[in-house]
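Because only heavy atoms are used, hydrogens play no part in the values below, and waters and symmetry mates are left out as well, while side chains stay in.
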Amino acid sequence: MLDYDLNERGSVSLYEYLYQRIRDDILSGSIVAGEHLPSKRGLAQHLGISVITVEGAYDQLVAEGFVRSVPRRGYFANELPRAATVLRLKDAADRDAGSVAPGRAFVPVSDLPKTSLDGARLWQRALKTVLASESERELFAPAPAQGTARLRRAIAAHLRGSRGMDVDPEAIVIGAGAQLLDTMLVQLLGRERTYAVEDPGYLRLTRIYQACGCDVCHIPLDAEGPDLHKLEKSGADVLHLMPSHQFPTGRVTSIARRYALLGWASQRSGRYLIEDDFDCEFRLAGKPIPPLAAIDAPGCVIYTNTFSKSLSSALRLAYMVLPDRLMERYRQELGFYASTVSSIDQIVLAHLLETGEYERHVRRVRKRARDARDALVAAIAQADLEDRVRLEGADAGLHAVLAIRTDLDEHELLRVLGMPTGCVSALADHLWCAEHGVDDGICHLVVQYLMLEKEMGGELAEKLRTIL
């Protein structure tokens, strides 16, 4: 039986403390691979806590890949690569210290979700406050190539609170959107390299790398994340991935695969992993999945994120965190650039982060997404569709996949459903290579919670009931 002194947890919640202790015991080898963990009820009685608390800790461990759940048998510790026993994850503190999700497609203003309009109004209010209260000398001073020191400090504090990352503000580079930073990374790493992207994935990445003159290869996914065998055979030098919530499949890269990917990157000089952490703070159940960068001992992870979607698609505000050796190269080779984001916009964003307004906005976004998710799940159950319709990755972030048993193909089903633009898309539309698709006789549709909105879940379920 696992023995933990719950009095040592300090201000950490019971479920989070239990999750951390079991996780660290697996990492250290105290809980060996394959070990059968106590039942939820048995551990709850032993520690004098609720079954719900144990269930929450176990669910988080399963989501991150430390533990697997076997029906009617219980929970078992997963085997991790040997390097995992040396490293310990940094703890993410406040799950509500929000972050962001990048814009994935253009939609008309009339079709923008309420979140974008709320973010725009938040920005307008902050802009008025900043213009009225901040020094003109600071507002109109040219920003350094990396971005203003004030915003970089605010982002570093934000990452420390929301993602458990101890980041030096001097390692942060701010840019006008993720696409610009992706292009800048090609300049930094070299066009002669081969860049790998996930497939299915964000198709624009392929086009960006190709437009930069790079060779691009596409790596299929398995249940644990990017297929390591295919990656090793591809000859890639750089892998661009979304480990905490993959778009569009919604999969979470397991902790074992994360260490294996770090091992791949560290095997040869010049290999890098570009971590796109696009909706890290919008996990709808449990703790946010820790970033790959938090366990990056070799210094081969480039962490990227953006504020565009959580505030407004009209705002092009993104940042990356560079490893030390790349930061030095950036200063030498790209430090001549003028900042691509206005000083005023940077100060407004810093103001939102410093005052907590951004965190409160993210909590509202998360609640709206959770309400839309709950309404859809309830509508599917009410329409008696649970044997034919399954919502995959429902808790992982701002989108999920509807797996539907039907004779219709994805595009025919979309046409019959007739849902608004951007609300639902075919998983096949996010494939670059058709052979990387899933041929399981099931229709897969990607549902965007914030475009769906709460009241539309019933409409979608009713249409599915009629069709099926």
Side-chain angles (χ1 to χ4, degrees), residues 99-103 143-160 162-191 193 195-197 202 204-205 208-209 212 214 237-244 247 261-262 265 270-281 291-296 298-311 315-341 345-346 349-350 353:
S99 191
V100 295
Q146 286 179 244
T148 65
R150 178 175 172 182
L151 178 55
R152 287 186 280 114
R153 286 194 299 268
I155 290 174
H158 168 69
L159 288 173
R160 189 176 304 111
S162 66
R163 303 300 283 136
M165 294 172 61
D166 187 12
V167 173
D168 182 352
E170 293 300 317
I172 296 173
V173 177
I174 297 159
Q179 296 172 56
L180 177 81
L181 294 182
D182 291 336
T183 303
M184 188 174 288
L185 282 174
V186 171
Q187 294 177 297
L188 191 62
L189 299 177
R191 289 180 173 82
R193 296 178 184 271
Y195 291 77
V197 297
Y202 184 33
R204 187 174 288 169
L205 274 178
I208 289 171
Y209 287 133
C212 291
C214 305
D237 304 292
V238 180
L239 172 63
H240 197 132
L241 75 163
M242 295 168 266
S244 294
F247 181 85
L261 289 170
L262 287 170
R271 280 184 177 173
Y272 288 97
L273 300 168
I274 301 175
E275 178 177 17
D276 182 351
D277 208 20
F278 76 97
D279 69 350
C280 58
E281 288 300 323
L292 183 61
I295 57 171
D296 176 29
C300 56
V301 176
I302 301 166
Y303 180 88
T304 67
N305 216 323
T306 169
F307 295 94
S308 297
K309 187 175 179 182
S310 59
L311 290 170
L315 296 171
R316 309 308 303 160
L317 287 162
Y319 64 95
M320 59 184 175
V321 182
L322 296 176
D324 291 344
R325 60 180 178 271
L326 281 185
M327 193 65 241
E328 183 60 33
R329 190 188 306 172
Y330 171 87
R331 293 191 182 99
Q332 292 175 358
E333 300 179 10
L334 301 180
F336 66 88
Y337 274 108
S339 178
T340 56
V341 179
D345 284 345
Q346 294 190 50
L349 180 55
L353 291 169

How many angstroms lie between atom [atom1] of [X] and atom [atom2] of [Y], to the nearest 0.5 angstrom?
X: Phe247; Y: Asp279; atom1: CZ; atom2: CG; result: 10.0 Å
X: Leu349; Y: Asp345; atom1: CG; atom2: CG; result: 8.5 Å
X: Asn305; Y: Leu159; atom1: CG; atom2: CG; result: 7.5 Å
X: Leu241; Y: Asp277; atom1: CG; atom2: CG; result: 10.0 Å
X: Leu322; Y: Leu181; atom1: CG; atom2: CG; result: 9.0 Å
X: Glu275; Y: Thr304; atom1: CD; atom2: OG1; result: 7.5 Å

If you compare all heavy atoms of [X] against all heavy atoms of [Y], which two are closest, and at what distance to 0.1 Å?
X: Cys214; Y: Arg193; result: CB-O, 4.2 Å
X: Leu262; Y: Ile295; result: CD1-O, 3.4 Å
X: Gly299; Y: Pro323; result: O-CB, 3.3 Å
X: Leu189; Y: Arg329; result: CA-NH1, 4.2 Å
X: Gly335; Y: Ala145; result: O-CB, 3.6 Å
X: Val341; Y: Arg316; result: CG2-O, 4.1 Å

**OP:** Start with the C-alpha distance between His240 and Tyr202, add both sets of side-chain angles, then the distance that settles side-chain hydrogen bond (donor to acceptor under 3.5 Å, both in side chains), and finish with yes or no.
**Re:** CA-CA 10 Å; His240 197 132; Tyr202 184 33; over 6 Å; no

Original post:
Is a side-chain donor or acceptor of Gln346 paired with a backbone partner of Leu151 at a separation under 3.5 angstrom?
Top reply: no

Original post:
Does Arg191 reach the main-chain N or O of Cys212 with its side chain, forming a donor-acceptor pair under 3.5 Å?
Top reply: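 It does hold such a pair.
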
Within a strict 4.5 Å, meaning less than it, do heavy atoms of the [X] and [Y] side chains meet?
X: Ile174; Y: Ile172; answer: yes
X: Arg152; Y: Glu170; answer: yes
X: Val173; Y: Met327; answer: yes
X: Leu261; Y: Leu239; answer: yes
X: Cys300; Y: Arg271; answer: no
X: Leu188; Y: Tyr272; answer: no

**OP:** Please state whether the rings of Tyr303 and Tyr319 are parallel, tilted or perpendicular, taking 30° and 60° as the class boundaries.
**Re:** tilted

**OP:** Determine the sole option in Ile208, Ile274, Val238 for which the side chain to side chain contact (heavy atoms under 4.5 Å, CB included) test with Leu185 is passed.
**Re:**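 The residue from Ile208, Ile274, Val238 that satisfies side chain to side chain contact (heavy atoms under 4.5 Å, CB included) with Leu185 turns out to be Ile274.
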
**OP:** Kindly determine whether Arg160 and Asp166 satisfy side-chain contact (heavy atoms from CB on, under 4.5 Å), including the steps that lead there.
**Re:** CA-CA 6 Å; Arg160 189 176 304 111; Asp166 187 12; 4.1 Å; yes

Subject >> Within 6.0 Å of CG in Asp324, more than 12 heavy atoms from elsewhere >> reply: no

